[in-house]
Each structure stands twice: as C-alpha cells, then as structure tokens.
Amino acid sequence: MSVEPYWEITFDADGDPDRAQRDRLTAGVGTKGVTDLLVFSHGWNSDRSGATSLYDRFLAPVPGLLAGRARPGTVMGYAGVLWPSMRFSDEPIPDFGTLLPGPEPLRPEPTLDTVTCDALVAVFPGHEDDVRRIAGLLEERPDGEEPFAEFAALVRRLTGVPPEAVAALCADDTSDAAPGAEPAVLCGDPVAACEEYAAALEGGTGLPLAGGGWTRLWNGAKEMLRQATYYAMKRRAGAVGERGLGPLLGGLARAHPSLSVHLVGHSFGGRLVSYALLGLPDGVRAVKSVTLLQGAFSHYAFAPRLPHDGAHGGALSTARLKVAGPVVSCYSRHDTALGTMYPIASRLAGDDRGFGADLGERWGAMGHDGIKAVGDTMDVPLAEALRGAFPRAGCVSVDASAVVSRGGPPSGAHSDICHPELARIVLRAGRLLA
C-alpha cells in the first residue's frame with residue numbers, strides 16, 4: 001500500500017464487520033497517534049485485490065500532496081472498506097488499460113463469460129442454476145417474447161429480493177416511493193426494458209449494435225442483468241453503510257474522542273459512506289468531511305424537499321447535518337453509466353415516461369450532475385476546488401469532467417477516478433492542507 005498506516009475493514013452482506021479488523025483499527029489509531037482517518041469505500045469491485053488496488057492508486061499522490069503542506073499537528077491514517085459486491089468482467093477497472101483510448105469505441109460483449117458467472121454465483125449464493133440458465137439464454141438468443149419473460153424472471157429472482165435482515169434498509173434514495181416499490185427493471189415489461197437498454201447502448205457507442213429484431217434485443221438483455229445487479233448492490237451498499245460502517249465509526253469515536261474522520265466513496269461506495277451517516281450514534285460529530293466520487297445514487301438523496309413532490313424529501317436529508325464539514329460530490333458529464341443507464345435502472349414501476357431528459361432529471365445520479373434540490377449547495381469549479389474554495393459545512397458539487405473523462409461503453413468515465421486532482425479535493429474538503 002502506498003500510504004501508511006493502513007487498515008482494512010471487511011463487512012458481510014448484513015453489515016457485520018470483521019471483529020479482529022475492527023479491533024486492530026481501534027487500537028492502531030491510538031498506537032499511531034492518528035489525528036485524521038481517511039476511510040475509503042469501493043463501488044462494484046468483485047474482490048479484495050480490485051478494491052485495494054483502487055485504494056493504492058488513488059491514495060498514492062496523498063503523501064506528496066501533504067508533504068510540507070499538511071495542517072500542523074496532522075497525523076494521517078487510512079482505512080479501506082471491503083464489502084461483498086461485484087464487477088462485470090467487461091467493466092473497466094479504474095485507471096487500467098481498458099480506459100486507454102483505442103482506435104474505435106468499445107462494444108459491449110452480449111454473452112456472459114466464466115469470470116462474470118462465477119462472480120454472480122459468489123455474490124448471490126444459492127443461484128448457480130439461475131446463473132447458468134441466464135448465461136445459456138444470452139448465448140442462444142432465442143426468438144419470441146417467452147424467452148425474454150423467462151430471462152427477466154431469472155434476473156428478478158437472482159437480484160430482486162433482499163435478505164430479510166436488511167429489507168427495511170433497501171429503499172430508494174428518495175422517500176416518495178410507496179413501501180415495497182421496485183424499479184421497473186425488476187418488474188416491468190422485459191421486452192420493452194431490453195429495447196430501452198439496446199437503444200441506450202447504441203447511443204453510448206455511437207454505433208449500431210450487431211443484429212436486428214430479437215437478436216438486437218438480446219444485446220439489451222445483458223445490460224438489463226447488469227443494471228438489476230447494480231440495483232441489488234446499491235441496496236446492499238446502503239445496508240452495509242447504515243448497519244455496519246456507521247456504528248463502527250461511532251465506536252471508534254468513543255474510543256478516540258478527538259479523532260477526525262474523512263469519508264470517501266466511489267460509485268456505490270459513495271452511497272455506502274453516505275448511509276453510514278444515518279448509522280452514526282446520536283451526538284457523534286467525528287465525521288469532518290465526505291467526498292463522493294461519481295456517486296451512484298440519487299442526486300436528490302440529500303434534498304429536504306423533492307422538486308416533483310414537495311411532501312417528501314431525500315432519504316439522506318438529515319444525514320448531511322451529521323457532517324461537521326462539507327459533503328462534496330465530484331461529478332462528470334462523461335459518465336455514461338450514471339447519465340444513461342442509471343436513470344433507466346432506477347425508474348420505479350408505474351412511472352411510464354420513456355427515456356429522455358425528464359427521466360434523467362427525475363431519476364438521475366449525483367455522479368453525473370451533482371447534488372440537486374439542496375438550497376445552499378455550492379457549485380464550485382474544479383480549479384477553485386483545487387485551491388480549497390469549500391464552505392465550512394453544507395453540500396458542494398464539483399464538475400470534475402475535465403479529469404474524469406476516459407472510458408468506453410457501457411460505463412463511460414465512471415471508473416476513471418485515479419487522478420491527483422481528486423485526491424487533492426479530498427484533502428481540501430477535510431481542511432487537511434494548510
């Protein structure tokens with residue numbers, strides 16, 4: 001790891017932490033005299049190596065940025081959150097070779113490879129037969145509505161029902177949804193959903209997908225599986241944050257009352273660290289900053305009132321008040337996963353509006369256009385953010401499109417976060433630079 005001291009915190013799907021790791025972190029913060037702990041959560045990486053590689057590369061510039069410029073008396077510590085999620089094998093790994101410009105746009109592979117099948121089985125145990133049949137249908141691409149109905153039923157069985165222990169924590173990020181409401185991707189018309197995803201993929205590549213008729217719709221079927229899987233990971237991230245990380249941070253604050261905590265999350269990891277605020281015990285003010293990198297959750301999550309429903313607000317409207325500093329959302333217009341696919345996946349059943357500007361406005365993600373409907377939110381240009389132009393508290397949106405810009409379909413720039421500029425923003429948000 002490029003930074004020290006560094007600890008890992010592993011959580012299971014219910015949010016229970018590895019107790020030995022938790023105890024080592026608590027003891028180590030005291031032994032090392034840590035004054036500021038930076039806690040980073042990954043998004044949909046499938047294993048420990050992917051997550052720790054992300055942390056290592058993102059944090060690598062931090063010691064140099066702090067050298068000679070750290071706030072007096074600062075002793076940094078770092079913790080990486082590990083939680084059970086997955087990454088499709090054709091997703092770009094942050095800042096790896098698949099993000100390098102190629103001669104032509106990447107085309108999504110319509111079938112499931114062995115690595116992705118194994119990841120699905122690991123993340124959704126007990127569904128090996130379902131995964132095998134899903135892979136078979138994507139390979140065979142049969143004609144007619146019945147195979148799509150079967151495919152959708154398998155996807156919904158695989159991803160649609162959360163474990164009973166966390167069911168109450170798997171709501172949408174806006175509280176206007178009726179109890180038990182599910183996204184259209186999990187209960188809508190499967191043929192229409194696959195058509196919508198196929199069209200969205202074509203828009204992302206700038207090229208027509210291979211085939212026509214039913215064959216073309218199977219190109220959208222894999223994206224339907226991907227987005228339904230992401231929805232399940234999104235729900236799990238909230239549960240792990242609220243049930244796991246929040247209480248853990250509360251215990252850490254009790255053991256070390258003067259410790260300052262700085263939360264950082266990428267993609268659904270942004271949702272995880274944000275929901276951790278809901279799980280903080282009353283009176284805990286240890287969290288001094290939150291930085292969300294391409295946050296894959298509703299841009300209305302922190303809103304006290306929703307623009308389309310003044311009687312309701314975002315699920316995190318009070319959580320932001322638990323941060324004794326700014327909540328910063330770095331976003332990029334180049335993020336295809338959040339700008340195109342996320343709104344389609346997030347739309348609730350019963351909302352019959354087709355894909356378009358209004359869909360993105362209603363169901364958009366803050367990693368694509370920032371924090372919305374929070375009256376005192378500051379929109380800070382990237383250059384000013386790098387100089388530290390943050391308020392002492394409140395919500396901040398930073399357009400990072402100038403650096404978060406590389407990647408191909410289906411995710412666009414979603415994973416392109418390993419830049420020293422973003423590491424500097426994390427330090428500026430936490431007032432860690434003098």
Side-chain angles (χ1 to χ4, degrees), residues 1 3-43 45 48 51-52 54-55 59 75-85 163 165-166 168-170 233-292 297 315-316 318-325 327 426 430:
M1 184 60 63
V3 292
E4 293 291 344
Y6 171 80
W7 298 273
E8 290 180 353
I9 316 167
T10 303
F11 295 92
D12 65 19
D14 293 331
D16 292 328
D18 180 296
R19 294 185 179 182
Q21 290 181 335
R22 178 196 62 192
D23 293 345
R24 282 196 294 271
L25 170 64
T26 302
V29 165
T31 301
K32 299 291 185 179
V34 172
T35 62
D36 291 82
L37 182 69
L38 194 157
V39 180
F40 201 150
S41 176
H42 64 82
N45 292 282
R48 176 182 176 275
T52 55
L54 168 64
Y55 302 154
L59 296 172
V75 178
M76 291 294 301
Y78 307 86
V81 171
L82 302 174
W83 61 283
S85 64
V166 297
L169 300 173
C170 290
M233 294 301 99
K234 169 184 169 182
R235 294 183 301 182
R236 183 176 290 177
V240 171
E242 186 169 359
R243 293 171 61 95
L245 182 58
L248 184 147
L249 293 177
L252 197 59
R254 286 192 297 271
H256 306 286
S258 62
L259 178 68
S260 294
V261 175
H262 308 278
L263 299 178
V264 183
H266 170 236
S267 188
F268 287 147
R271 189 176 197 261
L272 191 154
V273 300
S274 297
Y275 272 75
L277 301 173
L278 293 180
L280 287 175
D282 290 341
V284 171
R285 299 287 288 173
V287 178
K288 306 303 183 185
S289 67
V290 177
T291 307
L292 309 171
F297 59 114
L316 299 171
T318 59
R320 63 191 177 95
L321 303 178
K322 293 189 173 185
V323 183
V327 176
V426 170

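Quick caveat: nothing in here was measured; it's all calculated off a predicted structure.
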Peer 1: What heavy-atom pair brings Leu272 and Ser41 nearest, and what distance separates the two atoms?
Peer 2: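 Where Leu272 meets Ser41 most closely, the heavy atoms are CD1-OG, 3.7 Å.
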Peer 1: Would you call Thr291 and Leu263 a side-chain contact if the rule is heavy atoms closer than 4.5 Å?
Peer 2: no
Peer 1: Hey, are the side chains of Phe297 and Leu316 touching, using non-hydrogen atoms and a 4.5 Å cut-off?
Peer 2: yes
Peer 1: Looking at Arg24 and Glu8, is there a salt bridge between them, counting it only when a charged N and a carboxylate O are closer than 4.0 Å?
Peer 2: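 Salt bridge absent between Glu8 and Arg24.
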Peer 1: Side chain to side chain contact (heavy atoms under 4.5 Å, CB included), that's the test. Do Asp12 and Val240 meet it? Break it down for me.
Peer 2: CA-CA 8 Å; Asp12 65 19; Val240 171; over 6 Å; no
Peer 1: Return a table of donor-acceptor pairs under 3.5 angstrom between the side chains of residues 318-325 and protein atoms on other chains or two or more places apart.
Peer 2:
unit_1: Arg320; atom_1: NE; unit_2: Phe302; atom_2: O; d: 3.3
unit_1: Arg320; atom_1: NE; unit_2: Ser317; atom_2: O; d: 3.4
unit_1: Lys322; atom_1: NZ; unit_2: Leu277; atom_2: O; d: 3.4
unit_1: Lys322; atom_1: NZ; unit_2: Leu280; atom_2: O; d: 3.2

Peer 1: Mind listing the closest non-hydrogen atom pair of Gly43 and Ser267 along with its distance?
Peer 2: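 Closest pair (atom of Gly43, atom of Ser267, distance): CA-CB, 4.1 Å.
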Peer 1: Do Tyr78 and Leu59 have side-chain heavy atoms sitting under 4.5 Å apart?
Peer 2: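 When only atoms from C-beta onward are counted, Leu59 and Tyr78 do touch, with a gap below 4.5 Å.
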Peer 1: So how far is it from Met1 CE to Tyr6 OH, rounded to the nearest 0.5 Å?
Peer 2: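 Atom-to-atom, Met1:CE and Tyr6:OH are 4.0 Å apart.
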Peer 1: Side chains of Leu259 and Val261: does their closest heavy-atom pair fall under 4.5 Å?
Peer 2: yes
Peer 1: Tell me the closest heavy-atom pair linking Ala253 and Ala286, and the distance in Å.
Peer 2: CB-CB, 3.9 Å
Peer 1: Would you say that Trp83 contacts Leu245 through its side chain, given a criterion of any heavy-atom pair below 4.5 Å between the two side chains?
Peer 2: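 Of all side-chain heavy-atom pairs linking Leu245 with Trp83, none is under 4.5 Å.
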Peer 1: Does any non-hydrogen side-chain atom of Gln21 lie less than 4.5 Å from one of Trp7?
Peer 2: no
Peer 1: Side chains of His42 and Ser85: closer than 4.5 Å at any heavy-atom pair?
Peer 2: yes
Peer 1: Is a donor on one side and an acceptor on the other found under 3.5 Å between the side chain of Arg22 and the backbone of Pro17?
Peer 2: no
Peer 1: What are the two closest non-hydrogen atoms of Tyr55 and Val81, and how far apart are they?
Peer 2: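 Smallest heavy-atom distance, with atoms named: OH-O, 2.5 Å.
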Peer 1: Would the distance check show the side chain of Asp14 and the main-chain N or O of Asp16 forming a donor-acceptor pair, the cut-off being under 3.5 Å?
Peer 2: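 Checked: no pair found.
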Peer 1: For the residue pair Arg254 and Pro281, what are the closest heavy atoms and their distance?
Peer 2: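 Looks like NH1-CG, 4.0 Å.
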Peer 1: In Å, rounded to the nearest 0.5 Å, how long is the span from OG1 of Thr10 to CG of Asp18?
Peer 2: 5.5 Å
Peer 1: Give the C-alpha distance, both sets of side-chain angles, the deciding distance and a yes or no for side chain to side chain contact (heavy atoms under 4.5 Å, CB included) between Leu248 and Phe11.
Peer 2: CA-CA 11 Å; Leu248 184 147; Phe11 295 92; 4.0 Å; yes
Peer 1: For Thr26 and His256, which heavy atoms make the closest approach, and how far apart are they?
Peer 2: O-NE2, 2.7 Å
Peer 1: What I'd like to find out is whether the side chain of Glu4 reaches to under 4.5 Å of the side chain of Lys32, using heavy atoms alone.
Peer 2: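 Of all side-chain heavy-atom pairs linking Lys32 with Glu4, none is under 4.5 Å.
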Peer 1: Donor-acceptor pairs under 3.5 Å, side chain of residues 33-40 to any protein atom, not counting sequence neighbours: which ones?
Peer 2:
unit_1: Thr35; atom_1: OG1; unit_2: Val75; atom_2: N; d: 2.8
unit_1: Thr35; atom_1: OG1; unit_2: Val75; atom_2: O; d: 3.2
unit_1: Asp36; atom_1: OD1; unit_2: Arg71; atom_2: NH2; d: 2.7
unit_1: Asp36; atom_1: OD2; unit_2: Arg71; atom_2: NH2; d: 3.2
unit_1: Asp36; atom_1: OD2; unit_2: His262; atom_2: NE2; d: 2.8

